[in-house]
Amino acid sequence: MHLFANLRITIEEIDMKKQAKKKIKYSTFSNLIYLIKLQFSLKKSSILLIALNIPITVLLSYCSIYIPKLIVQNVIQPEATCWSVLEPVIFISIFVFVLKVTSQIISTINFALLTQYNNSVTDIKNRKCLMTDYENLESPEFRLLMERAAESLWGSNNGAAIEQMVQIFSNLICSILSYILFGSILSFANPLIVILLTLIPLINYFTIRSIQKFQYSSKDETTLLDKKMWYIASNAENFKTAKDIRIFGLNEWLVNMFKSFAKERLSWSNKIAKREYAADIVNGLIILVRDGLAYAVLIIMVCNGEITIDDFVLYFAAVGSFTSSIGGIVGQFSALNSTSLLINDLREFMNYPEKKDSGTKMMNVMKPGSIKLDKITFNYPGAQTPTLKNISLNISAGERIAIVGLNGAGKTTLIKIICGLYRPTAGNVYIDNVKYDRFDKSDYYSLFSVVFQDYSFLPVSLAEIVSAFSKPIDEEKVIRCIKMAGLYEKIAKFPEGINTKLNKQINECGVELSGGEYQKLLLARALYKNGPFLILDEPTSAMDPISEKEFYQKYDELFEDKTAIFISHSLATTAFCDRIVYLKNGEICECGTHEELLKLNGEYAKIYNMQKGQYVKKENECNAN
């Protein structure tokens, strides 16, 4: 069943990646430069606002420790008055107010800009997903990397990783400037305080760094466990799998599988939490020792008359700001490293290798066109034996070819190679004697109108589906193609006709079609595209006998002015083709007309005669109706 098949693929992915150690490809500095350039190119103003906020933040920190000193200094003066104490404080407070308002305005504006920036990067990432080689999408390695890259775009209270990294770097600069400023102030009291407060927190940095490395090394396992849990949870409410779950009693199995995966996921979370708990204890002890020693030195100095009371207030506050800046430096360095790991995944995904296209322009392909397969061999990654072996075949312009064979013979794989979805491991494909790689990829795809076995429809109108969102939609052509596909009588009964939307779960007035009707809709879409090559992969497998008979009666009309390839494992339905190619174990076993292959009395004739009884039965059913 489809549910089991998808879960099996998911389990295979986690088994493949289990115990794998993720190698960090890009350094933190490299990722930082990459993001600064990217953000500057997409949202230059956000970088400028972040830079503007740096001096404002440092000034606010300094004012916070200077105002108490100023008050004490003025209060202890013999001639001090209320106004003489309050006047400088009022002016500084107004200055602080202006700085805070400015900082808040910058943050508000930048929040909107960073959201736009995230959307732009998400668009780039989505384009990579949509335009990548089809073979990449079937690769577990690529799919895993795609999911990990998506994490860098997920938002949180602090924003997504691509938004955070430059902001973290600006915070790091603020912390370094504050360290220099408050360190200089404390050095006037006692340089030993600066050294003491600087060295002790380094212990905490290495503790945090070790936790981050553990989190990253375990990310393959946690990502795939999350994926499996999400898959089971989504299928629990999936309309398409609801029948299987109920009829075959899969509910308990799904619940138990989810519990098993959740337990394993929790064990990883506990491992990380234990390390973080230990780090918090170490950090608390460091703060106690560090700040306690610094305050003790200042108290001794003021008691011995080495510093005045107002300077004591300044230095005492400076200790807090200085330790905060050190904590900020350690924390921001750690945050940079942690965020860099997510950016590393994004960059690896964006730089995932694509097969080069040497073609740059559209070739003039006659309608109908010809296809030549020259010694095609194809091997799936990791497979020990090739799926296709040394396939050579010439398909003349306007010819109607049937490619038949038992399940697993390589029929669909061959079609994907002809369509350009797969690149042959060896050999070449020629369209009108032009090698396939001379075509631009999108132009090459435009040559083929294809109906695949597997299908997926967006929850949009029938007209949009048939036209594949071409602008403007030719409604007359849509209706004509629907009629040719044998679906018009059904659609004509809908109140909104071709503007009716699919999917009851999403659209209030949406509709659901039967399996055979969906196949007709796929055929209508292929006819609307009107490419010079029409390829049908098991186009009647879900149709009833009457619909199937009507389809073959319209065959000449459907395939007019087209080179047609028909894929089937049902041999009784291919007699109308000009030539039949019988595949077995990835090789062309027999080739000829229906009559020629029957006379040959080989593999084709053997399978045909086995299926003939069922074909006659279906024919009788059609005649009876």
Side-chain angles (χ1 to χ4, degrees), residues 371-380 383-396 399-418 424 427 450-454 515-516 519 534-553 555-556 558-559 563-624:
I371 299 173
K372 178 183 177 182
L373 305 179
D374 183 25
K375 299 178 180 178
I376 296 294
T377 295
F378 183 79
N379 207 82
Y380 283 98
Q384 296 181 351
T385 57
T387 303
L388 297 176
K389 308 166 190 174
N390 202 33
I391 299 286
S392 292
L393 179 67
N394 289 322
I395 304 175
S396 303
E399 190 175 13
R400 299 167 185 179
I401 291 286
I403 300 177
V404 299
L406 301 180
N407 290 335
K411 304 183 298 296
T412 300
T413 300
L414 182 59
I415 289 308
K416 289 180 179 179
I417 289 176
I418 293 175
V450 189
V451 176
F452 288 111
Q453 292 185 60
D454 299 325
Q519 282 194 318
L534 180 60
I535 300 176
L536 306 178
D537 191 354
E538 301 285 2
T540 63
S541 60
M543 293 185 188
D544 57 64
I546 296 176
S547 297
E548 187 176 16
K549 183 177 180 180
E550 291 175 351
F551 171 81
Y552 292 124
Q553 288 174 342
Y555 189 80
D556 289 336
L558 295 174
F559 289 178
T563 300
I565 302 176
F566 182 81
I567 312 299
S568 180
H569 65 267
S570 177
L571 308 188
T573 61
T574 57
F576 56 83
C577 292
D578 300 322
R579 196 153 43 111
I580 298 169
V581 177
Y582 187 88
L583 286 184
K584 182 179 180 181
N585 297 327
E587 298 179 286
I588 295 179
C589 181
E590 298 170 10
C591 183
T593 65
H594 176 68
E595 292 75 16
E596 288 172 347
L597 294 184
L598 288 180
K599 289 179 182 179
L600 186 63
N601 199 30
E603 293 284 340
Y604 177 86
K606 178 182 176 181
I607 303 299
Y608 175 80
N609 289 325
M610 290 174 60
Q611 297 178 352
K612 188 176 180 180
Q614 183 64 28
Y615 176 73
V616 171
K617 180 180 178 181
K618 290 176 69 177
E619 185 71 24
N620 291 335
E621 290 175 359
C622 291
N623 293 333

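One is the number of the first residue; the rest follow in order along the sequence.
Separation of atoms OH (Y604) and CD1 (I580) is listed at 3.5 Å; rounding is to 0.5 Å. Between the CD1 atom in I391 and the OG1 atom in T377 there is a gap of 8.0 Å [rounded to 0.5 Å]. A distance of 6.5 Å separates CG of L583 from CD1 of I588, quoted to the nearest 0.5 Å.
Here the closest heavy-atom approach between residue P424 and residue F378 is recorded as CA-CD1, 4.2 Å.
Checked by atom type and distance alone, the side chain of N379 pairs as donor or acceptor with a backbone atom of A383 at under 3.5 Å.
By the side chain to side chain contact (heavy atoms under 4.5 Å, CB included) test, K375 is found to be paired with N390, S392, residues two or more places apart in sequence or in another chain being considered. In this view, D578 and E399, R400 satisfy the side chain to side chain contact (heavy atoms under 4.5 Å, CB included) rule, not counting sequence neighbours. For T593, the side chain to side chain contact (heavy atoms under 4.5 Å, CB included) test picks out E595, E596, with sequence neighbours left out. In this structure K389 satisfies the salt bridge (Lys or Arg N to Asp or Glu O under 4.0 Å) test with no other residue, sequence neighbours excluded. In this view, E590 satisfies the salt bridge (Lys or Arg N to Asp or Glu O under 4.0 Å) rule with no residue, not counting sequence neighbours.
Residues I607 and Y582 meet the side-chain proximity criterion, which asks for heavy atoms closer than 4.5 Å. Counting heavy atoms from C-beta outward, C591 and R579 have side chains that approach closer than 4.5 Å.
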side-chain contact (heavy atoms from CB on, under 4.5 Å) evaluation trace for I371 with I565:
CA-CA 10 Å; I371 299 173; I565 302 176; 4.0 Å; yes
Output a table of donor-acceptor pairs, distance under 3.5 Å, between side-chain atoms of residues 409-417 and any protein atom two or more places apart or on a different chain; print 'none' if there are none.
{"unit_1": "K411", "atom_1": "NZ", "unit_2": "G405", "atom_2": "O", "d": "3.1"}
{"unit_1": "K411", "atom_1": "NZ", "unit_2": "L406", "atom_2": "O", "d": "3.1"}
{"unit_1": "T412", "atom_1": "OG1", "unit_2": "Q453", "atom_2": "NE2", "d": "3.2"}
{"unit_1": "T412", "atom_1": "OG1", "unit_2": "D537", "atom_2": "OD2", "d": "3.0"}
{"unit_1": "T413", "atom_1": "OG1", "unit_2": "Y380", "atom_2": "OH", "d": "2.8"}
{"unit_1": "K416", "atom_1": "NZ", "unit_2": "Y134", "atom_2": "OH", "d": "3.3"}

